[in-house]
Every structure is written in structure tokens, then in C-alpha cells.
2 protein chains.
Amino acid sequence: MTRRKLAALSPSETEILRLVWKLDKATVQDVCNKLPAKRKIAYATVQTLLRRLEKKGYLKHRIRGKAHVFFAAVKSEKVIKRSVNDFLDKLFGGDPVPLMQYLAEHGKIDADDIEKLKRLVSK
Amino acid sequence: MTRRKLAALSPSETEILRLVWKLDKATVQDVCNKLPAKRKIAYATVQTLLRRLEKKGYLKHRIRGKAHVFFAAVKSEKVIKRSVNDFLDKLFGGDPVPLMQYLAEHGKIDADDIEKLKRLVSK
DNA sequence: TAGAATATCGTACATTTGTACAACTTGTCA
DNA sequence: TGACAAGTTGTACAAATGTACGATATTCTA
């Protein structure tokens, strides 16, 4: 089984990786277009981030015309799991409850969301 | 009103900052003692992190004997809010629902937790 | 088929981060 | 009161991060 631990993701890399997931397959252009208006970084910068993501093993690419089309090399589930756990550890000592509380108290989630969660958990 | 934006926290800084919060007031020693066994970094390293945290404005200190006693200079609520939002943005595009789902699906939270949340939200 | 677009690649570079040693300072106790 | 133990400070330094320019390569198009 392939059990090589993936190098950690930097915040910017995480952001870019998410966009690739969202797009399923994406060129540098595609990613640039998906960047929120607020976040303006150069094409070349996105390119570097994608390259690094590939080097770290999170992405692979295929050539289409002259462009590289990047796509996930690792299941997002896995990456998310690691990221969430890391985050939880650093900020909450691993306990998810305070995080949930925070989300609830700040109106990030509403009663409907909770109903859905309830169903998920009881399953 | 003081509205200077605090410099971002690095993962290690976040970890140390949390320990200071937990202890309320803490010397370098105190923090070292609270470090989980797994995480072994030198006294001097913790010291540097605390120094940086103070320089960034997250902590202040007071002298007790020859030691520095660090304590929060910013409400943890505020820091947590920023951290959670940043994290959410990077990994989930700001949408908290997938995060909740992840927590629920991975047994991080159970039915009881959800009941508690329900009460919080309905309030 | 030559030039215009558009891409990638190599490289760069200032900061930040993680980690820590060595030297200096200062309460404290015998 | 003088030496010691515990602290702090200055400094270091490699690696990671954020950001991007310029050169080169490749595809399209007129």
C-alpha cells in the first residue's frame, strides 16, 4: 500500500488545490478565473503553486494542446481529513466540539443544517 | 478603536498561543510542560515562539522574578474567529456545512453534541 | 509560414517559519 | 555577598512560502 506521507499544504496551496477539486480538471487559466475577485495573484504565481502541488504529489497533469490540465492525484477526502485534524489540533487541541460551538454561535449554521447533521450521525 | 490587523499566525504559533490561553498566564516553562509528549521542541524554541507572538501583538508579558509571564493581549474569541474563517475559506470556500458534515461523518461528534448545538442555535 | 498568442520553465528573491545555540543577566540561597 | 541556576537575548540558519519576471516553446491564425 502506498503510505508515503504527503508534504504539508501551505495556506495558499490549500486554496488552489480546492479550486482544482471544484473544477475537477483545470488549467492555470481555469484556476485563475475561479479565484475570488478579492484575491488577486498573478497567473505565474498560480502556476507555481500548481507546480508545487504536483511536486508534492497532490496533483498530476495531462497535456492538452499546449496547456497542462491538472487533476487530483489524491482523494480530496483524504486531504480534507488531514487538514481538518491538523487545524483542530493546533487551535482546539483536537476537540471538535468547541469548533462546532463556534460555528453555531456565530450563525454559520442554522437549524436546518443541524437537522441534516442529525440524520447523518444517527445513520 | 484599535483596528490594527494582527499578523497571521503560523501553525506552531497557533499551537503555542492556545496553550497560553489554556493556562491563562504562563512562563516558558509552563508552556513547555503543557506540550503534548509527542511534540518535543526545545525550551529555546518555545521561547522564540512566545517572543514572536508578543511581537505580533497576541501576547503581552509581565515580569515575575526573573521570568516572563505571558498572557493574552487579544481576546481568544477574536483570534479563533479569524482562524476559523481563514481555514474555512481556504479549504471549503467559506462554507461551513461541508466541515460540519465531515465532522459528523467521521464520528468526531455524536448525537449528544448535536443536541447541544441545536439548543445553541435555536437560542 | 511567419508572427501573434498563450503556455510552461527556470529562476529569483524577500519573508516567514521552525528550530535552537551561546552568551549574557539576574534573582536567590547558602 | 558571591556563585549558581534559571531566564532572557541576540543571533543564526536552512527550509518553506508567497510572489512573479523573463526566456523559451508551442499552437493558432491570417
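Throughout, a chain's letter reflects where its sequence line sits, starting with A, and its residues are numbered from 1. Fair warning: this is a prediction, and the values are worked out from it, not measured in the lab.
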Undergrad: Between atom CG in B:Leu49 and atom C1' in D:dG7, what is the gap in whole Å?
TA: 17 Å
Undergrad: Over how many whole Å does the gap from A:Glu13 atom CD to D:dT17 atom C1' extend?
TA: 8 Å
Undergrad: Holding to side chain to side chain donor-acceptor pair (under 3.5 Å), I want the full list of residues that pass it with A:Ser12, two or more places apart in sequence or in another chain.
TA: A:Arg39
Undergrad: Within a reach of under 6.0 Å around NZ of B:Lys34, are more than 12 heavy atoms found that belong to other residues, nucleotides or ligands?
TA: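 No, NZ of B:Lys34 has 12 or fewer neighbouring heavy atoms, counting only those of other groups under 6.0 Å.
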Undergrad: Over how many whole Å does the gap from A:Glu15 atom CD to D:dT17 atom P extend?
TA: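 After rounding, the gap between these two atoms is 14 Å.
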Undergrad: Any heavy-atom pair between the side chains of A:Glu115 and A:Lys118 that's under 4.5 Å?
TA: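 In contact.
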Undergrad: Indicate if A:Leu6 and A:Leu17 have the same hydrophobic cluster label, given that clusters are the connected sets of ILVMFWY residues with side-chain heavy-atom separations under 4.5 angstrom.
TA: yes
Undergrad: If we ignore angles and hydrogens, is there a donor and acceptor under 3.5 Å between the side chains of A:Lys90 and A:Asn85?
TA: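 The criterion, which ignores hydrogens and geometry beyond distance, is not satisfied for A:Asn85 and A:Lys90.
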Undergrad: So what does B:Ser10 hit on the nucleic acid, given a heavy-atom distance under 4.0 Å: a base, only sugar-phosphate, or nothing?
TA: sugar-phosphate
Undergrad: Heavy-atom nearest nucleotide on DNA chain D for A:Lys40 versus A:Gly65: which residue maps closer to 5'?
TA: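 Upstream on the strand: A:Lys40.
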Undergrad: Take the protein atom CG of B:Leu35 and the nucleotide atom C1' of C:dT19, then report the distance between them rounded to whole Å.
TA: 13 Å
Undergrad: Could you state the CG-C1' distance from B:Leu6 to C:dT16, rounded to the nearest angstrom?
TA: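 To the nearest whole Å, that distance equals 17 Å.
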Undergrad: What residues, two or more places apart in sequence or in another chain, satisfy side chain to side chain donor-acceptor pair (under 3.5 Å) together with A:Thr27?
TA: A:Asp30
Undergrad: Atom pairs, N/O to N/O, protein against nucleotides 7-14 of chain C, distance under 3.5 Å?
TA:
residue, atom, partner, partner atom, Å
C:dA7, OP2, A:Gln29, NE2, 3.0
C:dT8, OP1, A:His68, N, 3.0
C:dT8, OP2, A:Tyr43, OH, 3.0
C:dT8, OP2, A:Gln47, NE2, 3.2
C:dG10, N7, A:Arg51, NH1, 2.9
C:dG10, O6, A:Arg51, NH2, 3.3

Undergrad: Rounded to whole Å, please give me the gap between CZ in B:Arg64 and P in C:dT26.
TA: 19 Å
Undergrad: State whether the side chain of B:Tyr58 and the backbone N or O of B:Leu50 hold a donor-acceptor pair below 3.5 Å, judged by distance alone.
TA: no
Undergrad: Taking OP1 and OP2 of C:dT19, is either one under 4.0 Å from a side-chain nitrogen or oxygen of B:Arg39?
TA: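 Affirmative; the distance criterion is met.
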Undergrad: Rounded to whole Å, how long is the line connecting atom NZ of B:Lys55 with atom P of C:dT17?
TA: 12 Å
Undergrad: Looking at every strand, decide which applies to A:Thr45 at a 4.0 Å heavy-atom threshold: base, sugar-phosphate, or nothing.
TA: base
Undergrad: Rounded to whole Å, how long is the line connecting atom CG of B:Leu17 with atom P of C:dG18?
TA: 13 Å
